[in-house]
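One structure is given here, and the rest of the page talks about it.
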Protein chains: 2
Amino acid sequence: MEDVAALAAVSAMTVSRALRDPTSVNTETRLRIEAAIDATGYVPNRIAGSLASRRTNVVGLIVPSLRNSLFAETIQGVSDALGAHHPLMIADSGYALAGEEAAIRAFLAQRICGIVLHNTQHTTRSRSMLEDAGIPCVETGNLTEKPLDMTVGFSNYDAACAMTEYLIGRGYKNIGFVSLPIHDNDRAAERRAGFLAAHQRRGLISAPELLLESPPGLRSGGLALATLIERVPAVDAVFLSGDVLATGALLEANRRGLDVPNKIAIVGSDDNELQEAVSPPLTTLRFPRYQIGHQAAEMLMKRLRNPSRDVSRLDLGYELIERASA
Amino acid sequence: MEDVAALAAVSAMTVSRALRDPTSVNTETRLRIEAAIDATGYVPNRIAGSLASRRTNVVGLIVPSLRNSLFAETIQGVSDALGAHHPLMIADSGYALAGEEAAIRAFLAQRICGIVLHNTQHTTRSRSMLEDAGIPCVETGNLTEKPLDMTVGFSNYDAACAMTEYLIGRGYKNIGFVSLPIHDNDRAAERRAGFLAAHQRRGLISAPELLLESPPGLRSGGLALATLIERVPAVDAVFLSGDVLATGALLEANRRGLDVPNKIAIVGSDDNELQEAVSPPLTTLRFPRYQIGHQAAEMLMKRLRNPSRDVSRLDLGYELIERASA
DNA sequence: ACCCCTCATGTTAGCGCAAACATAAGCGGA
DNA sequence: TCCGCTTATGTTTGCGCTAACATGAGGGGT
């Protein structure tokens, strides 16, 4: 920076200012400085800047898995909203609370200016670290009642409840429910709770044999369907509430020559191109995953500009997409 | 850190050492320091550490898109290999060389210790910035002949060539080729070149009408198939070399009642669970995307430990998965 | 003329660590 | 006894910036 300053015949301070707020220096001076930067190939050192100003522009994001295309949507939303001014640090928790805690610790050591979490469950230590850090935080995986700070997303409980009521309304009696493993996964837990609540609300009883946890994957979905049919031959509908499970189940039903939806209905969640393309196209829940990421980042940046506590909860809802599979 | 040092009755320097290399301090002292850290809730400031030591542990990764599950595999591989000790900064180029340059500039300002790129084409400025920075760099998207520094992956040219020769060997004469847009995308360009090379090698001529560029997406794949059939009714095989195009084309063929592979063969690339699950299952190319990310990160870290120039090129190959669609 | 205000730029100090060197204590061998 | 070596810890300095304050030049208003 000294070199640039010398070349532009100003002090280092003026260069620093020109970089941070071009309007704060004289136009002529600014042009000289820009020319000098170009000539020297100077790349500002934000590490030093961050230390001096005691803040960074880096935002942290923790998702359960980087592989999953669901989270990929949210990541893209966050990244797009942040733009070039806010570098993005990403880590995955491996679907474990301890993994999240480790990532939070690492991020706080990097003095991130804000954080986006997918989980809404956290270890005690995670909570206290985030509190002590005093940085804005957005939880996105589930619209929780008592967020750490801010939250944006949809209610997994409501969505699962709505889908279940839809099935009950169409006359299905023995509805199977498949979710990802509930352990350390509040989204899956909420969905199962919603599924059960819908039964209660409609005066039905859901047999425990109809509740299943499954690893993610197309194959797992097929396996889950097979398991349910074997356990409860009278099962007439299955709600597979995670990942690509529903598509896997539908493909399995097709292989077995089961008539969907007359012999058995299959519905899913997390609509994607594929669910529409299979035959019959799947009735499913659609979640605004990209928007969730985008809004999360927007809320973070708004808070950074203006450290008030106004917007702290944003429900982006869900859609029930009716197609031919139920 | 001063607080911790006081509580443990040592100097700040000893705390710093205990944090960076626990073996370098006396066991008793270390335990006192650890207790003090626990008691105070001290979180080290790596910004300050980085400034003082003039290096960071942060690794940068730039992919064309964060949405795409192909890149997601690589991202996960990088993240897993880096572990907790190396935070990961991610940006997407939006499939544009200018986007990559902007991301590189931002990363260099953050003084990343190494970088993983997917693209192997770069702007002149990108190249010079990376050279000047003098940090290790791994290119992963295509096994290029003259990498900036290191490269790991597979040859898109060879893979496409092999698939095309496979089709020719099975007697197909009028083979269509669909790729993602070639602009700023060396992978797509290489694949098309490989496709053409296979024809030349076998003494066949590929009609220009059989070459198509398509946006990504399931629907686009169907559309591409329709376009090719309309243009060249005699087309007897189509090689869709990107994203989920092949699956889309297959679903479209099914909708049209075309017999695959007897009326028309369809082959793809980037094997995934879905390509195996559709009917008929797709013959396709499989790329070790996760391993590529993993190895890229490993190479980076190895170079950081030992700044020699030994391993600089690693071919992880590809597999041709024969199934029933050709 | 004087003051005060704005605008543009400069000066000083220090952010929280780690590199480099300094110190001190213990120990074995000649 | 003294030296040289190792091990454990302390002191000094500065990384490259920015916050906060200082300076100085110009420009009305009274």
Side-chain angles (χ1 to χ4, degrees), chain A residues 1-34 36-37 40-58 85 87 105-113 132-135 304, chain B residues 1-34 36-37 40-58 85 87 106 108-113 132-135 304:
Chain A
M1 189 151 111
E2 280 299 337
D3 299 350
V4 173
L7 226 166
V10 293
S11 74
M13 193 64 236
T14 305
V15 175
S16 170
R17 265 193 279 261
L19 247 29
R20 282 174 294 153
D21 179 10
T23 66
S24 69
V25 302
N26 188 295
T27 309
E28 254 177 68
T29 315
R30 205 194 63 223
L31 292 175
R32 277 211 320 282
I33 290 172
E34 280 168 5
I37 287 175
T40 55
Y42 169 70
V43 178
N45 185 334
R46 296 226 181 291
I47 297 289
S50 296
L51 182 61
S53 64
R54 306 195 218 189
R55 61 190 148 68
T56 68
N57 285 328
V58 180
H85 195 58
R105 189 186 307 278
F107 281 175
L108 292 183
Q110 298 290 340
R111 295 297 189 267
I112 52 168
C113 65
D132 294 352
I135 58 172
L304 290 171
Chain B
M1 189 149 109
E2 280 299 337
D3 300 349
V4 174
L7 226 168
V10 292
S11 74
M13 194 65 235
T14 305
V15 175
S16 171
R17 264 193 280 260
L19 247 30
R20 282 173 293 154
D21 178 11
T23 66
S24 70
V25 303
N26 188 295
T27 308
E28 255 178 67
T29 315
R30 205 194 62 225
L31 292 175
R32 278 212 319 282
I33 290 173
E34 280 168 5
I37 288 175
T40 55
Y42 169 69
V43 178
N45 185 334
R46 296 226 181 292
I47 297 288
S50 296
L51 182 61
S53 64
R54 306 194 217 191
R55 60 189 149 66
T56 68
N57 285 330
V58 179
H85 194 58
L108 292 183
Q110 298 289 341
R111 294 298 187 268
I112 53 168
C113 66
D132 294 352
I135 58 173
L304 290 170

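From a predicted model like this one, the values you see are computed outputs, not experimental measurements. In the text below, chain A, chain B and the rest are named by the order of the sequence lines, each starting its count at 1.
Side-chain proximity of B:M13 to the nucleotides D:dA20, C:dC17, C:dA20 is greatest for C:dA20. The A:V10 side chain lies nearest to C:dG10 when the options are C:dG10, D:dA8, D:dG10. Minimum atom distance to the side chain of B:R54 is reached by D:dG16, of the listed D:dG16, C:dC17, C:dG10.
Put simply, B:R20 has a side-chain N or O that comes within less than 4.0 Å of OP1 or OP2 on C:dA19. Contact annotation: A:Y42 does not reach the phosphate of D:dG16 (side-chain N/O to OP1 or OP2, under 4.0 Å). Distances shorter than 4.0 Å separate none of the side-chain N or O atoms of B:T14 from OP1 or OP2 on D:dA8. Within the 4.0 Å cut-off from OP1 or OP2 of D:dA19, at least one side-chain nitrogen or oxygen of A:R55 is found.
Atom CZ in B:R32 sits about 8 Å away from atom P in D:dT9, given to the nearest Å. For the pair B:R17 CZ and C:dT23 P, the interatomic distance rounds to 15 Å; values are reported in whole Å. If you measure from atom CG of A:L19 to atom P of D:dA19, you get 13 Å, rounded to the nearest angstrom. Between B:E28 atom CD and D:dT9 atom C1' there is a gap of 14 Å when expressed in whole angstrom units. In this structure, CG of A:N57 is placed 15 Å from P of D:dC17, rounded to the nearest angstrom. Atom P of nucleotide C:dA8 and atom CG of A:L31 are separated by 14 Å, given to the nearest angstrom. Separating the CD atom of B:E2 from the P atom of C:dC17 is a distance of 9 Å, rounded to the nearest angstrom.
Rounding to the nearest 0.5 angstrom, the gap separating the CD atom in A:Q110 from the CZ atom in A:R105 is 14.0 Å.
Side-chain N or O atoms of B:T14 include none that pairs as donor or acceptor with a backbone N or O of B:V10 at under 3.5 Å. Remark: side-chain polar atoms of B:R30 are not paired, donor with acceptor, to backbone N or O of B:V25 under 3.5 angstrom. No donor-acceptor distance shorter than 3.5 angstrom exists from the side chain of A:R46 to the backbone of B:A109, with no hydrogens or angles considered. A donor-acceptor pair under 3.5 Å links the side-chain atoms of A:T56 to the main chain of A:R111, judged by distance alone.
Here the closest non-hydrogen pair linking A:L304 and A:C113 is CD2-O, 3.4 Å. Residues B:L19 and B:P44 share a closest heavy-atom pair of CD2-CG, 4.0 Å.
Toward the 5' end of DNA chain D, the nearer of the two residues B:S53 and B:T23, judged by each one's closest nucleotide, is B:T23.
Near-neighbour residues of DNA chain D inside residues 44-52 of chain A, defined by a heavy atom below 4.0 Å, number-ordered: A:N45, A:A48, A:G49, A:A52.
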